[in-house]
K.L.:
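What follows is a single structure, and I will ask about it in a moment.
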Amino acid sequence: MSLITATTRAHRIDRRIYGQFAEHLGRGIYEGLWVGEQDEIPHKNGLRTDAIAALREIKVPVVRWPGGCFADEYHWLGGVGPTEQRRAMVNTHWGGVVDPNTFGTHEYFELLHQLDAEAYVNGNVGSGSVAEMQDWVEYMTLDKHTPMAELRRAHGRDQPWKLQFFGVGNESWGCGGNMLPLHYANLYRQYQTFVRDYGDSHVAKVACGANADDYEWTDVLMARAAGHMDALSLHYYTLPTGEWDVKGAALSFDDAAWYDTIHRTRQMDTLLRRHGEIMDRHDPARRVGLFVDEWGTWYDVEQGTNPGFLFQQNTMRDAMVAAVNFHIFHRHAARVRMTNIAQMVNVLQAMLLTDGPRLLKTPTFHAFGMYIDHQDADFVETVDDGGRSGGRGGAHLDHTVSVKDGVYTVSAVNWDLETEAELALRLPERIGEVVSARILHAAASAHNTFDEPDAVAPVDFAGTVVAGTDIRLALPPRSIVTVRVRAVG
């Protein structure tokens, strides 16, 4: 065990790093969030109150919608106006089911209102037109007497909404059009021209970025279009096997699959470093943000469920993956200013699972809850005894440190399956008191069910020792710990 020394405040950890993603996919929107006005499930304006209450606990800062692959087949006019007049559509990407379009633009902004979250809307480049995208932005944001603004008013919304982020296409290299990078770069320049700012509010434009390690895509987009974008996206999913055809099971996995999963998720660090280096060449001032707007674990779907619904269970392994990614995002937060885990409810690495009127919080939900205090805090760099930046302090040990309002938040993970680890950390200031200490710790495949919804949940942590400027944390195997301490100068 080496002593880790916290040194300087490096950059701010944008709260949007803890963003969410809600696509029209499986039971993510319908049942997971939207139950409509007539449903027996308790709701407010059609949104289930238990889901909203739970998501408010983890302070969701931003929600990306309507996709995902769904975004490039979504035509927004079909999802506004009286429910009985809306145009249903076939969700060709996700199970071939009919989407009734009862959750559309107005319902999305109601979701944001109830969550107190920001808007990140993804526009349709793959099958949509420039005029359609322009009309949608006007419908959402224009406060004048024009056809689109008047249509919004006719549908019951007088004032425009605040649209913080707009994605110009999604996965244009794949389901969004199978484009080559230069072709998309030219299309992006064209489409983004018509994503206009009205009044004093600025809509940040997000260009479709690379799939995992496609560094050529990033280079071409930055070379050809960096001056027209506020951010560039990146997608990377953790697959235990590294193969799309057989990804591995969410629940039945061995020790090797546990370590393979952690190893593959840690590749995020390499991706962010290398994409960041390319962006730095074209944008040394780091004006353009890097948004990892799809990330998380992706396993084989649970048996007996619709393969197109991407429903999977969620274990202590998923909580560990989330925490490891948080640490990586913190280190790269000078460039990484938003991430959106896939996805919020009932899909992939979800925060919540529902079964009709029943709802449970997953281990990943609890991981998010343990990192709330890092939102908008200053990232504190650390070095080990050899002067190496970000030294972990152990083979299966990692940590992150931030400070806000005189309180240091230290989060640490030990992903060893059998062995306890100890983190010895020296802070820049003397510690006055331990404000809080929590641990999430369970067997590798432990998970919550509707019969045992609290099988995996945080509890108070007793393994903290404080002396002067030093703090020591004794971490059991398979654990995530967050300790908050107040400095006294």
K.L.:
Using ring pair (Phe, Tyr, Trp, His ring centres under 6.0 Å), reason through Tyr18 and Phe329 one step at a time and then give a plain yes or no.
P.N.:
CA-CA 10 Å; Tyr18 291 88; Phe329 297 150; 8.3 Å; no
K.L.:
Give me each pair satisfying side-chain hydrogen bond (donor to acceptor under 3.5 Å, both in side chains) with a member in residues 280-290, each pair once, sequence neighbours excluded.
P.N.:
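Every pair satisfying side-chain hydrogen bond (donor to acceptor under 3.5 Å, both in side chains) with a residue in residues 280-290: Asp219-His282, Asp280-Arg286, Asp280-Arg335, Asp283-Arg335.
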K.L.:
Just wondering, do Tyr188 and Arg224 contact through their side chains at under 4.5 Å, heavy atoms?
P.N.:
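Result no, sub-4.5 Å side-chain heavy-atom pair not found.
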K.L.:
Taking the side chain from Arg426 and the backbone from Thr469, do they hold a donor-acceptor pair closer than 3.5 Å?
P.N.:
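Here the side-chain-to-backbone pair does not exist.
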K.L.:
Below 4.5 Å, heavy atoms only, C-beta onward: do Phe379 and His374 meet side chain to side chain?
P.N.:
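No. Closest side-chain heavy atoms not under 4.5 Å.
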K.L.:
Tell me the closest heavy-atom pair linking Pro477 and Asn414, and the distance in Å.
P.N.:
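Smallest interatomic distance, heavy atoms only, reads CA-ND2, 3.5 Å.
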K.L.:
Scan residues 294-303 for pairs that pass side-chain hydrogen bond (donor to acceptor under 3.5 Å, both in side chains), counting only residues two or more places apart or in two chains.
P.N.:
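Matches after skipping sequence neighbours: Arg64-Glu294, Tyr237-Glu294, Trp295-Thr339, Thr297-Gln312, Thr297-Asp318, Thr297-Gln349, Tyr299-Arg317, Tyr299-Asp318.
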K.L.:
Do Leu310 and Val301 come close enough that some side-chain heavy atom pair is under 4.5 Å?
P.N.:
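Contact flag for Leu310/Val301 side chains = yes.
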K.L.:
Inspect the contact between Asp398 and Arg331 and indicate whether a charged nitrogen and a carboxylate oxygen are less than 4.0 angstrom apart.
P.N.:
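A salt bridge is present here (some side-chain N lies under 4.0 Å from a carboxylate O).
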K.L.:
Spell out, as yes or no, whether a donor-acceptor pair under 3.5 Å connects the side chain of Asn340 to the backbone of Gly19.
P.N.:
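Here the side-chain-to-backbone pair does not exist.
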K.L.:
Counting only N and O atoms by type, is there a donor-acceptor contact under 3.5 Å from the side chain of Gln313 to the main-chain atoms of Asn448?
P.N.:
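Yes; at least one donor-acceptor contact below 3.5 Å.
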K.L.:
For Tyr184, check ring-ring contact (aromatic ring centres under 6.0 Å, His included) against everything at least two apart and list the hits.
P.N.:
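For Tyr184, the residues satisfying ring-ring contact (aromatic ring centres under 6.0 Å, His included) (neighbours in sequence not counted) are Trp217.
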K.L.:
Taking NZ, NE, NH1 and NH2 as the nitrogens, is one of them in Asp378 or Lys404 under 4.0 Å from a carboxylate oxygen of the other?
P.N.:
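Here Asp378 does not pair with Lys404 in a salt bridge, since their nearest N and O are not under 4.0 Å apart.
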K.L.:
Got Asn346 and Phe311 here, is their nearest side-chain heavy-atom distance under 4.5 Å?
P.N.:
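SC-SC contact between Asn346 and Phe311 confirmed.
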K.L.:
May I ask you to test the Leu440-Pro458 pair for a side-chain heavy-atom distance under 4.5 Å?
P.N.:
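Side chain of Leu440 against side chain of Pro458, heavy atoms only: contact under 4.5 Å found.
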K.L.:
Looking at Arg189, is its backbone amide N or carbonyl O close enough to the side chain of Gln192 to form a donor-acceptor pair, meaning the two atoms are under 3.5 Å apart?
P.N.:
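Confirmed, Gln192 side chain pairs with Arg189 backbone.
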K.L.:
Any side-chain heavy-atom pair from Val292 and Met268 closer than 4.5 angstrom?
P.N.:
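Yes. Closest side-chain heavy atoms under 4.5 Å.
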K.L.:
Within the 4.5 Å heavy-atom criterion, are Tyr120 and Arg16 side-chain neighbours or not?
P.N.:
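No - every pair of side-chain heavy atoms lies 4.5 Å or more apart.
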K.L.:
Could you list the residues that satisfy side chain to side chain donor-acceptor pair (under 3.5 Å) with Thr141, not counting sequence neighbours?
P.N.:
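In terms of side chain to side chain donor-acceptor pair (under 3.5 Å), with neighbours along the sequence ignored, Thr141 is linked to no residue.
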K.L.:
Any side-chain heavy atom of Arg48 within less than 4.5 Å of one from Thr354?
P.N.:
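Touching, per the 4.5 Å side-chain cut-off.
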K.L.:
Has Gln114 got a side-chain atom pairing as donor or acceptor with Lys44's backbone, closer than 3.5 angstrom?
P.N.:
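Yes.
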K.L.:
Sequence neighbours left out, what pairs pass ring-ring contact (aromatic ring centres under 6.0 Å, His included) with at least one residue falling in residues 436-470?
P.N.:
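ring-ring contact (aromatic ring centres under 6.0 Å, His included) check on residues 436-470 returns no pairs.
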K.L.:
Is it true that Asp355 and Arg358 make a salt bridge, defined as a side-chain N closer than 4.0 Å to a carboxylate O?
P.N.:
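Salt bridge present between Asp355 and Arg358.
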K.L.:
Just grab all the side-chain hydrogen bond (donor to acceptor under 3.5 Å, both in side chains) pairs involving residues 240-250, residues at least two apart or on different chains.
P.N.:
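Listed by first then second residue: nothing to list.
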K.L.:
Between the side chain of Asn170 and the main-chain N/O of Gly68, is any donor-acceptor distance below 3.5 Å?
P.N.:
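Side chain of Asn170 to backbone of Gly68: a pair is present.
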